[in-house]
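Report on one structure; see the data block that follows.
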Amino acid sequence: MSDLHLASVPEHVAIIMDGNGRWANQRGLPRTMGHRKGVEAVREVVRAAGDCGVRFLTLFAFSSENWRRPETEVSDLMGLLRAFIRRDLAELHRENVRIRVIGDRQNLRSDILPLLLEAEETTRNNTALTLVIAFNYGARDEIARAAAKLAREVAAGTLRPEDIDAEMLNGRMDTTDIPDPDLIIRTSGEERLSNFLLWQAAYSELLFVPEYWPDFTREQFYKALERYAARERRFGGLSTKTLAAGAP
Ligand code: IPE
Ligand code: IPE
Ligand code: MG
């Protein structure tokens, strides 16, 4: 580990890994080379997160809207995920990393779903970092699926509509048993959430950094954690400074 000393390490960091295409473009390379290089950044940041005591790391790997890209790019991204799990699963397991996958599992190709299930099953009892892979993930889709679960329970007579509250809906999200992200980082300079964790981001600190994802290193990850540590979270209450000054 580096000489990183932080007042507070976020329990859960989520990352919108953006800018692979532009990274490649800048070098006159095909977009696919950017995605390839992006996988190396994934490896580095997973290790960095584990090393500094982050408990949950969520990576946005493929959105429910990314199907709109040309078929060749979509297959390329699928191929990279497959290769990542095949190549890295054993090592992640050795490092005691638990893998969780969020997103819609219906209609996933038959060469992807079994691999994702195997990764979750193999690592389910691991106790170090939880690596959450957001794959075929869209926040609105997740919320709609959670609402449909509640509706089915009402229809089955096991739930009364008047008993539904935020906590119940939360319990039907893909992220049930995963704490909300403390920090959401987006690389590449874009400043939007692009349908990522909309429900869970209610009180997340947001950090937008200019680097393209393939250029995002361990050092940049630690810098982001430092910036997070300097933030003050209030959750609708008052700041400790205001309270100390004896606000009326
Ligand atoms: C992020 O990089 C990777 C995925 C969305 C899967 P992009 O492919 O979006 O790269 P840019 O934004 O076009 O540069
Ligand atoms: C968000 O990036 C999705 C992932 C990082 C997987 P996009 O590149 O798809 O987002 P937009 O289209 O620029 O909003
Ligand atoms: Mg992009």
Side-chain angles (χ1 to χ4, degrees), residues 1-6 8-24 33-63 66 77 80-103 116 119 123 126 128-135 137 175 178-190 193-194 196-197 200-201 204-229 231:
M1 200 187 134
S2 80
D3 51 358
L4 181 78
H5 300 289
L6 293 172
S8 60
V9 174
E11 182 183 19
H12 182 178
V13 180
I15 307 184
I16 302 170
M17 311 183 286
D18 197 19
N20 293 351
R22 279 164 284 166
W23 181 93
M33 293 309 289
H35 296 314
R36 259 151 241 272
K37 193 81 174 125
V39 177
E40 290 175 30
V42 166
R43 292 197 176 99
E44 183 164 334
V45 167
V46 169
R47 256 113 228 155
D51 287 349
C52 65
V54 167
R55 304 291 307 157
F56 295 83
L57 176 71
T58 298
L59 299 178
F60 201 3
F62 191 86
S63 81
N66 286 147
L77 288 165
L80 281 173
L81 178 76
R82 251 192 341 254
F84 174 73
I85 292 183
R86 287 211 182 107
R87 246 178 258 154
D88 289 51
L89 178 59
E91 195 184 332
L92 290 167
H93 186 39
R94 261 199 310 280
E95 289 170 10
N96 200 17
V97 172
R98 181 169 68 132
I99 295 176
R100 280 281 308 267
V101 181
I102 60 170
L116 297 178
T123 62
N126 289 348
L129 176 76
T130 297
L131 172 62
V132 183
I133 303 175
F135 181 76
Y137 176 85
T175 50
I178 298 172
D180 288 344
D182 301 292
L183 172 64
I184 297 180
I185 303 170
R186 183 175 187 143
T187 60
S188 91
E190 307 292 354
L193 289 175
S194 299
F196 185 49
L197 300 177
Q200 298 84 347
S204 303
E205 294 296 324
L206 306 181
L207 194 61
F208 301 101
V209 300
E211 291 82 19
Y212 294 143
W213 174 249
D215 288 329
F216 196 76
T217 59
R218 176 182 283 266
E219 284 65 41
Q220 260 125 19
F221 182 72
Y222 288 158
K223 227 174 264 166
L225 298 196
E226 277 166 9
R227 287 176 63 189
Y228 168 83
R231 299 262 182 107

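Values below: every heavy atom of this structure, side chains too, minus hydrogens, waters and symmetry copies.
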Is there a side-chain contact (heavy atoms from CB on, under 4.5 Å) between Leu89 and Thr123 once you walk through the steps? CA-CA 9 Å; Leu89 178 59; Thr123 62; 3.9 Å; yes

Non-neighbouring partners of [X] that pass side chain to side chain contact (heavy atoms under 4.5 Å, CB included), sequence neighbours left out:
X: Arg87; value: Arg43, Ala83
X: Arg55; value: Glu11
X: Ala48; value: Arg218, Phe221, Tyr222
X: Ala224; value: Ile185, Leu207

Between atom [atom1] of [X] and atom [atom2] of [Y], what is the distance when rounded to the nearest 0.5 Å?
X: Leu6; Y: Glu226; atom1: CG; atom2: CD; value: 6.0 Å
X: Arg82; Y: Leu116; atom1: CZ; atom2: CG; value: 11.0 Å
X: Asp180; Y: Leu197; atom1: CG; atom2: CG; value: 8.5 Å
X: Ile184; Y: Phe208; atom1: CD1; atom2: CZ; value: 8.5 Å
X: Ile16; Y: Leu206; atom1: CD1; atom2: CG; value: 8.5 Å
X: Leu131; Y: Asp88; atom1: CG; atom2: CG; value: 10.0 Å

Test of understanding: with ring-ring contact (aromatic ring centres under 6.0 Å, His included), list the residues that count as partners of Phe56, not counting sequence neighbours.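 Residues passing ring-ring contact (aromatic ring centres under 6.0 Å, His included) with Phe56: His12.
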
Excluding sequence neighbours, so at least two apart, what forms ring-ring contact (aromatic ring centres under 6.0 Å, His included) with Trp23?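 Once residues adjacent in sequence are excluded, Trp23 has no partner under the ring-ring contact (aromatic ring centres under 6.0 Å, His included) criterion.
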
Flag the pair Arg47 and Glu95 as a salt bridge only when some basic side-chain nitrogen lies within less than 4.0 angstrom of an acidic carboxylate oxygen.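 Yes, Arg47 and Glu95 are salt-bridged.
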
Between Lys37 and Glu40, does at least one N-O distance fall below 4.0 Å, as a salt bridge requires?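 Glu40 and Lys37: salt-bridged.
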
Which pair of heavy atoms, one from [X] and one from [Y], lies closest together, and at what distance?
X: Ala14; Y: Pro181; result: CB-CB, 4.0 Å
X: Ala61; Y: Met17; result: CA-CE, 3.9 Å
X: Val13; Y: Pro10; result: CG2-CG, 3.6 Å
X: Pro214; Y: Gly34; result: CG-O, 3.7 Å
X: Ile85; Y: Ala119; result: CG2-CB, 4.1 Å
X: Leu225; Y: Cys52; result: CD1-SG, 3.5 Å

Test side-chain hydrogen bond (donor to acceptor under 3.5 Å, both in side chains) applied to [X] - qualifying residues, sequence neighbours left out:
X: Thr187; answer: none
X: Tyr212; answer: none
X: Ser188; answer: Asp18, Arg22
X: Arg86; answer: none

When you compare the side chain of Leu81 with that of Phe62, does any pair of heavy atoms fall below 4.5 Å?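 The answer is no, as the side chains (C-beta and beyond) never meet within the 4.5 Å cut-off.
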
Would you say the side chain of Leu57 lies within less than 4.5 Å of the side chain of Val45, judging by non-hydrogen atoms?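 Touching, per the 4.5 Å side-chain cut-off.
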
Do side-chain atoms of Gln220 reach the backbone of Thr217 as a donor and acceptor pair under 3.5 angstrom?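 Present.
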
Could you tell me how the ring of Tyr137 sits relative to the ring of Phe60: parallel (under 30°), tilted (30 to 60°) or perpendicular (over 60°)?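 The rings of Tyr137 and Phe60 stand perpendicular, inter-plane angle above 60°.
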
side-chain contact (heavy atoms from CB on, under 4.5 Å) between Arg231 and Leu183: does it pass, once the steps are laid out? CA-CA 10 Å; Arg231 299 262 182 107; Leu183 172 64; 5.5 Å; no

Contacts of type salt bridge (Lys or Arg N to Asp or Glu O under 4.0 Å), residue Glu219, not counting sequence neighbours: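 In terms of salt bridge (Lys or Arg N to Asp or Glu O under 4.0 Å), with neighbours along the sequence ignored, Glu219 is linked to no residue.
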
Using residues 96-103 as the side-chain source, report each donor-acceptor pair under 3.5 Å to any protein atom, sequence neighbours left out, with the distance given to one decimal.
residue: Asn96; atom: OD1; partner: Thr127; partner atom: N; Å: 2.9
residue: Asn96; atom: ND2; partner: Thr127; partner atom: OG1; Å: 2.8
residue: Arg98; atom: NE; partner: Thr130; partner atom: OG1; Å: 3.1
residue: Arg98; atom: NH2; partner: Thr130; partner atom: OG1; Å: 3.1
residue: Arg100; atom: NH1; partner: Asp177; partner atom: OD1; Å: 2.7
residue: Arg100; atom: NH2; partner: Asp174; partner atom: O; Å: 3.0

Intermediate values then yes/no, side-chain contact (heavy atoms from CB on, under 4.5 Å), Val46 and Leu59: CA-CA 9 Å; Val46 169; Leu59 299 178; 4.2 Å; yes

